Amino acid sequence: MVVVKIKPLSEILKNLRGFKKIAIFGCELGSARCKNGGLKEALQLKNSLEKEGFEVISVKSPGGTCILEKVSKPLLEIEKGCEVVISLACGAGTQVIAENTNLPVITGVSTLFIGAEKEGKYFDEYCIACGDCIISDTGGICPVARCPKSLVNGPCGGAINGKCEVDSSIPCIWYKIAERLEGLQKLEVLRERAPFKDYRLAVYPRKLEVEETT
Amino acid sequence: MNFSEKLKNGKFIITAEIAPPRGTDWKSVIKGIEPLKGKVDAFNITDNQRSMVRMSSLVMAKFLLDYGFDPILQLTCRDRNRIALQSDLLGAAALGVKNICLMTGDFTSLGDEPKAKPVFDVDSVQLIEIAKILESGKLLNGKEVKGKLEFTVGAVYNPFAGPKVLQEIKLKKKIDAGASFIQTQPIYDVKVAEEVNDLVEEFGAVPIIGLLPIKSLKMANFMKSLNPSSVPDKLIEGLEKAMDPAQYGWDYIIDIAHAVLEFGRGIHFMLVGKTQELANFIDYLRNDSPYNHRF
Ligand code: SF4
Ligand code: SF4
């Protein structure tokens with residue numbers, strides 16, 4: 001899932017200068033899951049803004065703000081009587097809103113990464129969408145995203161006691177890869193030299209075209 | 001015999017490490033190593049070591065050549081993509097810099113430009129492959145290289161890093177890719193030095209054991225904080241008791257150096273503070289030690 005972080009109220013207020021009537025959009029798919037921009041947080045933001053003297057005319061949180069069908073109707077509903085939209089959806093969802101309304105749109109979140117959820121509380125980056133997935137060779141664990149150096153041939157010399165050289169509060173992911181591959185008795189896959197990565201596949205903006213099937 | 005000839009002929013090798021200046025005053029670096037001329041076989045020139053900005057290692061390597069020293073150019077994957085790495089390797093070859101030591105590099109955030117964008121387009125194994133591809137007369141993209149290149153390629157190994165099994169697999173990949181010598185992180189234990197020596201030899205490269213004299217208890221504790229298993233308790237205890245910790249630290253690694261001489265192929269001094277002492281020690285090894293025939 002895409003992980004977002006809600007911006008401080010002060011920053012949101014700065015962007016709201018000159019406006020009074022507001023619609024708030026959350027996203028029940030991504031932002032809600034990481035508790036930084038679903039319906040609950042949208043309602044909290046509504047309260048805070050009302051205390052600041054704003055008029056919140058609508059709060060919505062569709063399940064999937066980056067899907068046009070999900071937002072087109074709610075967008076039509078707010079078109080009248082509203083001066084600005086605050087989106088708590090990820091960068092993609094917010095842009096879908098912006099491309100489909102004449103109202104100004106400001107974001108209430110920063111989009112962080114593609115991550116995984118632990119205990120509903122922690123979110124860790126798992127994938128940088130490198131476009132050329134290699135995790136079949138690394139025990140299903142990604143060294144491209146989870147090693148700060150994106151090393152593909154094994155750990156660096158800074159991997160001490162299971163901790164990463166870059167930040168000792170995070171594990172060196174190669175320990176997890178080794179553990180997993182040893183368990184699967186598949187360690188030999190790492191004896192092959194890894195091919196040079198094709199970073200063209202990570203050059204943005206990227207596009208996927210779904211082929212028609214008959 | 002120069003460094004690469006000694007490597008090929010099985011002679012005992014002594015290398016030392018220097019950093020380019022934090023500025024343009026390369027002359028003082030050259031002056032500092034003058035007493036080691038003709039004694040240390042080659043000098044590693046670090047590449048913005050610990051992600052701290054320094055003068056280009058390639059430029060410093062050229063100064064060493066001009067002043068009659070044999071440089072080992074260190075090159076890391078941190079600051080250059082495959083275009084810049086190949087470009088620097090071509091430049092090194094053209095300048096006559098023959099020895100290279102290729103490594104991943106410390107991460108940007110650990111140095112004095114922590115906001116820099118790290119590169120890591122390729123890793124150390126792949127950088128060794130690149131050097132070998134250039135030697136074969138081609139660029140990585142298959143285009144022909146005009147002119148001949150020949151490198152003596154080395155790499156690094158940290159026996160205290162983990163996971164052990166993957167570190168060893170990676171070491172082997174480096175050697176299979178074309179590293180002919182391996183310089184290690186500092187070792188303070190003869191047994192570890194011997195194990196590493198055997199491992200590297202078994203994989204088919206020349207081991208050069210890294211030695212870094214510890215100057216104070218503070219430095220020892222710092223090293224221990226980075227890498228607990230690398231600093232033995234007896235070294236800490238010795239430093240605590242010593243009247244002159246710097247001398248103790250020096251004597252300690254000289255003892256290890258003597259031991260390595262018995263079973264090993266080379267020593268890499270990672271700090272040239274005691275230049276004159278180092279020169280004297282090498283004189284002793286060459287002339288009066290029972291192993292002098294190996295030099
Ligand atoms: S290899 Fe690339 S695509 Fe696969 S998980 Fe890692 S970053 Fe994502
Ligand atoms: S310690 Fe491990 S995770 Fe950290 S940079 Fe080195 S290889 Fe990558």
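Letters go in sequence order (proteins before strands), and every chain restarts at 1. On a predicted model such as this, the values are computed, not experimentally measured, just so you know.
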K.L.:
Determine the option with the most heavy-atom pairs under 4.5 angstrom with chain A, choosing from P228(B), P118(B), P159(B), A177(B).
P.N.:
A177(B)

K.L.:
Enter the distance from D176(B):CG to R193(A):CZ here, rounded to the nearest 0.5 Å.
P.N.:
6.0 Å

K.L.:
In terms of heavy-atom contacts, does NZ of K224(B) have more than 12 from other residues, nucleotides or ligands at under 6.0 Å?
P.N.:
yes

K.L.:
Around Q185(A), counting heavy atoms of other residues, nucleotides and ligands shown, do more than 12 lie under 6.0 Å from its CD?
P.N.:
no

K.L.:
Counting distance only, does the side-chain N/O of E165(A) pair as donor-acceptor with the main-chain N or O of F107(B) below 3.5 Å?
P.N.:
yes

K.L.:
Can you tell which part of Q185(B) gets under 4.5 Å to a heavy atom of chain A, answering side chain, backbone, both or neither?
P.N.:
neither

K.L.:
Give me the atom names and distance for the closest heavy-atom approach of Q167(B) to P155(A).
P.N.:
NE2-CG, 3.5 Å

K.L.:
Within a reach of under 6.0 Å around NZ of K191(B), are more than 12 heavy atoms found that belong to other residues, nucleotides or ligands?
P.N.:
no

K.L.:
Scan side-chain atoms only and decide if K170(B) and N153(A) contain a donor-acceptor pair under the 3.5 Å cut-off.
P.N.:
no

K.L.:
Within a reach of under 6.0 Å around CD of E179(A), are more than 12 heavy atoms found that belong to other residues, nucleotides or ligands?
P.N.:
no

K.L.:
What part of N81(B) is in contact with chain A, defined as an atom under 4.5 angstrom from a non-hydrogen atom: side chain, backbone, both or neither?
P.N.:
neither

K.L.:
To check you understand the geometry: which heavy-atom pair defines the closest contact between N158(B) and G157(A), and what is its length?
P.N.:
ND2-O, 2.7 Å

K.L.:
Which atoms of E182(A) are under 4.5 Å from chain B, going by heavy atoms: the side chain, the backbone, both sets, or neither?
P.N.:
side chain

K.L.:
Please determine whether side-chain contact (heavy atoms from CB on, under 4.5 Å) holds for the pair V152(A) and V125(B), giving the CA-CA distance in whole Å, both sets of side-chain angles, and the decisive distance to 0.1 Å.
P.N.:
CA-CA 9 Å; V152(A) 287; V125(B) 176; over 6 Å; no

K.L.:
If I compare all heavy atoms of Y199(A) with all of F120(B), which pair ends up nearest, and what's the gap?
P.N.:
OH-O, 4.2 Å

K.L.:
Do you know the tightest heavy-atom contact between P163(B) and W174(A)?
P.N.:
CG-O, 3.6 Å

K.L.:
In terms of heavy-atom contacts, does CZ of R200(A) have more than 12 from other residues, nucleotides or ligands at under 6.0 Å?
P.N.:
no

K.L.:
So F196(A) and I130(B), do their side chains get closer than 4.5 Å, heavy atoms only?
P.N.:
yes

K.L.:
Does K172(B) have more than 12 heavy atoms from other residues, nucleotides or ligands lying within 6.0 Å of its NZ?
P.N.:
no

K.L.:
Would you mind checking which part of R78(B) comes under 4.5 Å of any heavy atom in chain A, side chain (CB onward), backbone (N, CA, C, O), both or neither?
P.N.:
neither

K.L.:
Quick check for you: to the nearest 0.5 Å, what is the distance between S124(B) atom OG and L151(A) atom CG?
P.N.:
7.0 Å

K.L.:
More than 12 heavy atoms of other residues, nucleotides or ligands under 6.0 Å from CD1 of I83(B): yes or no?
P.N.:
no

K.L.:
Can you give me the closest heavy-atom contact between R191(A) and I169(B), atom names plus distance?
P.N.:
NH1-CG1, 3.4 Å

K.L.:
Do other residues, nucleotides or ligands put more than 12 heavy atoms under 6.0 Å from K197(A) NZ?
P.N.:
yes

K.L.:
May I ask you to name which of V156(B), T104(B), V122(B), V119(B) has the most heavy-atom pairs under 4.5 Å with chain A?
P.N.:
T104(B)

K.L.:
Using heavy-atom distances under 4.5 Å, tell me whether L140(B) contacts chain A through its side chain, its backbone, both, or neither.
P.N.:
side chain

K.L.:
Looking at I160(A) and F160(B), what are the two nearest heavy atoms and their distance?
P.N.:
CD1-O, 3.9 Å

